[in-house]
Amino acid sequence: SGSPEYGQPLSFETFNFYHLHCWVIDPATAHPHACSYVELVATAAKRQRHLWFVSYVFVDPIHKFMGCLVHHASLRQLHGQLPCDATYWIASCANNLHRREFDF
């Protein structure tokens, strides 16, 4: 409970990957699925392929993380292309966190 946000309502400005994993990814992918978030939402296996690997810190707010991805896509001129042309590998979404070994 050393975090200043502990016990406070979640907010857009502070919502991070710890919150996302706790409140969205883990419950959605738990039993009976026991899969990664990507496996849960991808419409086809080919949609699970990524073009870019992203390194990030769980504590950073997701809106800043997403801003970085938008900036990267803009620099690489990926806007307006097929969604599969601008796919990113994000560990908390791509790994099956219900397995003891990860896909690293």
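Residues: numbered from 1 along the sequence shown.
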The reported gap from OG in Ser92 to CG in Leu20 (rounded to nearest 0.5 angstrom) is 6.0 Å
Within the supplied structure, the quantity of interest is the number of heavy atoms (other residues, nucleotides, ligands) at a distance under 6.0 Å from Phe17 CZ; does it exceed 12? yes
Between the OG atom in Ser36 and the CD1 atom in Ile90, the distance rounded to the nearest 0.5 Å is 12.0 Å
hydrophobic_cluster_shared for Phe12 and Leu69, side chain cutoff 4.5 Å: no
Tell me whether Met66 is reachable from Val24 by hopping between hydrophobic residues (I, L, V, M, F, W, Y) whose side-chain heavy atoms are closer than 4.5 Å. yes
Separation of Thr29 OG1 from His21 NE2 (nearest 0.5 Å): 7.0 Å
Could you check whether any side-chain heavy atom of Phe65 comes within less than 4.5 Å of a side-chain heavy atom of Asp60, counting everything from C-beta outward? no
Give a yes or no on whether the backbone of Leu51 and the side-chain of Thr87 come within a donor-acceptor separation of less than 3.5 Å. yes
Distance, nearest 0.5 Å, that separates CG of Leu10 from SG of Cys22: 9.0 Å
Euclidean distance, Ser11 OG relative to His19 NE2, rounded to 0.5 Å: 8.5 Å
Keeping the roles fixed (side chain from Asn95, backbone from Leu97), state whether a donor-acceptor pair exists under 3.5 Å. no
Heavy-atom pair with the smallest gap, counting every atom of His98 and Cys35: CD2-O, 3.6 Å
Quick one: closest heavy-atom pair of His63 and Glu13, and the distance? NE2-O, 3.6 Å
Heavy-atom distance under 4.5 Å between the side chains of Cys93 and Tyr88, does that happen here? no
